[in-house]
Amino acid sequence: MLLQHQTWQEVEEYLGRSKGIILPIGSTEQHGPNGLIGTDAICAEVIARGVGEAAGAMVGPTIGVGVAVHHMDFAGTMTVRPSTLIAIIHDYVLSLARHGFRRFFFINGHGGNIATIQASFSEIYAAFEGVFDQRRNDELRCRLANWWDGRAMHELAKEVFGDNEGSHATASEVALTQFALPDTIKHVTLDPPRAPSGRFHGPADYRRRFPDGRIGSNPGLATPDKGQRFHDTAIAELAKTYAAFLGENA
Ligand code: NI
């Protein structure tokens with residue numbers, strides 16, 4: 001159930017039975033030679049839509065650009081400052097809260113967003129709880145869920161890709177985009193097949209250490225069928241997490 005595909009009357013009717021909404025959040029950044037620039041936003045969106053279907057929940061518009069400063073030496077990457085992303089999340093949530101939404105479930109596709117999303121929740125709570133102006137009488141809660149996280153997802157990544165999963169342009173996220181958008185699959189040879197691992201500081205150092213953009217991964221092993229396993233498992237896990245979130249103190 002996509003917010004964008006409802007009428008205002010349908011949203012009002014939904015609010016009569018649920019105060020929950022799912023918001024996908026991703027990034028627009030390089031993902032190596034066979035990964036799409038939109039990988040993190042595409043993954044978050046496809047998982048969020050699946051969870052929305054499974055849980056009968058409303059899904060809001062995707063926040064498509066995240067905090068991706070360290071990818072800026074690769075063409076096509078976009079970034080926003082953490083303060084900008086905090087402002088966007090704050091304004092999205094308080095817009096929806098005005099209509100009666102109270103449980104905000106963010107499905108995230110980008111590790112670099114995590115700290116900023118958490119900071120935005122603190123900003124939202126301070127505003128909504130009336131720390132600086134008018135006090136509200138009801139409760140608003142935000143929750144962050146990274147689609148790749150949790151025991152079932154880590155076990156699946158280990159089973160399917162082992163040490164080739166990596167930490168950026170991972171085999172699983174590339175597989176998931178191949179499942180979601182089979183027409184966009186890139187047929188390129190990865191050299192070396194598995195990228196180097198390690199730490200970095202800033203965009204120039206990142207590009208020097210990881211010249212094709214990947215870290216520790218071999219997304220050449222990705223296939224749409226493998227992507228479907230990650231898709232189905234993530235949706236099943238997150239639908240449970242979402243239901244528990246709605247049920248807290250209900
Ligand atoms: Ni990614």
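Ligands are counted one by one from 1 in listed order, and the atoms in each one are counted from 1 as well.
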Practice task
Answer yes if the side chains of Glu45 and Thr62 hold a donor-acceptor pair under 3.5 Å, and no otherwise.
Solution key: yes
Fill in the blank from the handout: The N/O/S atom of Glu173 lying closest to the Ni ion (ligand 1) is OE1
Handout entry: Identity of the N, O or S atom of Asp40 lying closest to the Ni ion (ligand 1)
Key = OD1
Exercise for the section: Measure centre to centre between the rings of Phe121 and Phe106, then say whether the value is under 6.0 Å. Expected result: yes
Handout entry: Partner residues of Val11 under the side-chain contact (heavy atoms from CB on, under 4.5 Å) criterion, sequence neighbours left out
Key = Leu3, Gln6, Leu15, Met58, Phe101
Quiz: residues 230-239 side-chain donor-acceptor pairs under 3.5 angstrom, not counting sequence neighbours:
from, atom 1, to, atom 2, distance (Å)
Thr233, OG1, Arg229, O, 2.8
Glu237, OE2, Lys240, NZ, 3.3

Problem - Any N, O or S atom of His168 closer than 2.8 Å to the Ni ion (ligand 1) - result: no
